[in-house]
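Single-structure report; data block below.
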Amino acid sequence: MPELPDVEGFREVLMTCGRRRRVTDVEVRDAGVLRGVSAQRLRRELKGRRLGEAWRHGKWLFVPMDDGPTDGGGPTLVWHFGMTGSLRCCSPDEPVERHDRVVLTLDDSRHLRYRDQRKLQGLQLVDEAQIARIVDGLGPDALTVRGPELRELLSGRRRAVKSALMDQSVIAGLGNLLCDEILWRARVAPRTPARDLSDDEIRRVHVGMGRVLETSVRAGCVPPRRSWLTGHRDDSEPTCPRCGRPLCSNRVGGRRTVWCPQCQK
DNA sequence: ATAAAGTCCTGAAAGC
DNA sequence: TGCTTTCAGGACTTTA
């Protein structure tokens, strides 16, 4: 699930539910989601501290605690949601579920719950240097990328355009569904070598990216609309919502890729 | 049982 | 030849 739009949604959950709230309790129900921090240390460092302004880069979510780095000194809580993570704001009487791995209790008694079926990524507690290390490994956030910059990012790369767009060190935030949707909108075949795109194709990819992201961020996910490619991925005999011809499904860059061979040359 | 919206690592192939 | 880029595969993990 979690691509840029989902993580942006989780950021909003934090801002509306958690901002300036003090953490009164930390329950680690499954330490398998903790990266580089013990349950004990997480508890110790978070309890009594307030949640600061959450920010996002690509699929990463950063929450400075109190006097954290962006405020001046303490730790920053970092989330990566892997494929199945989510962050939810709950009333305490809502029953805790099996995959709720970490529960933060806030000073208004509400819960911030990290739910994650597969524990592929998870939480970290980091300092300024570690934040820099994470962000340095990422390309610019997809929401901030302009047309000329996109051309620069793709230029000279011979790999398939889909796998370049999926590469977080090239551009941060796009995942499998978004890339397929964007390329379908732009009428660009996913296997086209990135450096072979014409200026017009790059412009179309950029416009498609903007539109798809805007709608998806508003929805908090890549919406499975029937007028979108995404709404047809799981059909038994998927057809293109634009031209009605059958869609192709195959591996590109190791990921399942769906496209319309008619519309995307 | 196969595959899943994510990332990391390895070894090997391909390209310049 | 040598360096860089890219790819394929497997690993992590759980469930439909």
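Numbered from 1 within each chain, the chains take letters A, B, ... in sequence-line order.
- Between the P atom of C/dT6 and the CZ atom of A/Arg157 lies a distance of 6 Å, rounded to the nearest Å.
- With salt bridges taken as basic N to acidic carboxylate O contacts below 4.0 Å, one links A/Asp25 and A/Arg43.
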Take A/Leu61 and A/Leu87, measure what side chain to side chain contact (heavy atoms under 4.5 Å, CB included) needs, and give me the verdict at the end. CA-CA 11 Å; A/Leu61 185 57; A/Leu87 197 55; 4.3 Å; yes

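- The distance from atom CZ of A/Arg233 to atom P of B/dA4 is 9 Å, rounded to the nearest whole Å.
- When each of A/Arg251 and A/Gln168 is assigned the nucleotide of DNA chain B bearing its nearest heavy atom, the one mapping closer to the 5' terminus is A/Arg251.
- Each of A/Arg19, A/Arg21, A/Arg49 was scored for a salt bridge (Lys or Arg N to Asp or Glu O under 4.0 Å) with A/Asp107, with one residue passing: A/Arg21.
- Taking side-chain N and O atoms only, A/Ser163 has a distance below 4.0 Å to OP1 or OP2 of C/dC7.
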Assign a letter to each nucleotide of nucleotides 11-16 of chain B from its 5' end: B, base within under 4.0 Å of a protein heavy atom; S, sugar-phosphate only; -, no contact. ----SS

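- Secondary-structure annotation of DNA chain B gives the stems B:2-4 with C:14-16, B:6-16 with C:2-12, with a stem taken as at least 3 successive Watson-Crick or G-U pairs whose two distances both fall under 3.5 Å.
- Comparing C/dG9 with B/dT2, their P atoms sit 16 Å apart, to the nearest whole Å.
- Between A/Leu183 atom CG and B/dA5 atom P the separation is 15 Å, expressed in whole Å.
- The side-chain hydrogen bond (donor to acceptor under 3.5 Å, both in side chains) check on A/Gln121 picks up nothing, with sequence neighbours excluded.
- The NZ atom of A/Lys59 sits 8 Å away from the C1' atom of B/dA5 (whole-angstrom rounding).
- A salt bridge (Lys or Arg N to Asp or Glu O under 4.0 Å) check over residues 174-192 of chain A, counting only residues at least two apart or in different chains, returns the pairs A/Lys162-A/Asp180, A/Asp180-A/Arg233.
- If you measure from atom CD of A/Glu3 to atom C1' of B/dA5, you get 5 Å, rounded to the nearest angstrom.
- As a whole-Å value, the separation of A/Leu4 CG from B/dG6 P is 12 Å.
- Residues satisfying the side chain to side chain contact (heavy atoms under 4.5 Å, CB included) test with A/Arg115, not counting sequence neighbours, are A/Ser86, A/Arg88, A/Glu97, A/His99, A/Asp100.
- With a 4.5 Å cut-off on side-chain heavy atoms, A/Leu51 and A/Arg20 do not count as touching.
- For the two cysteine residues A/Cys260 and A/Cys248, the thiol sulfurs sit 2.5 Å or further apart.
- Within the 4.5 Å cutoff, no side-chain heavy atoms of A/Phe81 are placed close to those of A/Asp116.
- Counting only N and O atoms by type, the side chains of A/Arg256 and A/Ser249 include a donor and acceptor under 3.5 Å apart.
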Going 5' to 3' through nucleotides 10-16 of chain C, assign each nucleotide B (protein heavy atom under 4.0 Å from a base atom), S (under 4.0 Å only from sugar-phosphate atoms) or - (no protein heavy atom that close). --BBBS-

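- Atom-to-atom, CZ of A/Arg256 to C1' of B/dA5 comes out at 11 Å; the value is rounded to the nearest Å.
- Between the CG atom of A/Leu177 and the P atom of B/dA3 there is a distance of 17 Å, given to the nearest Å.
- Taking the six-membered ring where tryptophan is involved, the planes of A/Tyr114 and A/Trp79 are tilted, since the angle between them lies from 30° to 60°.
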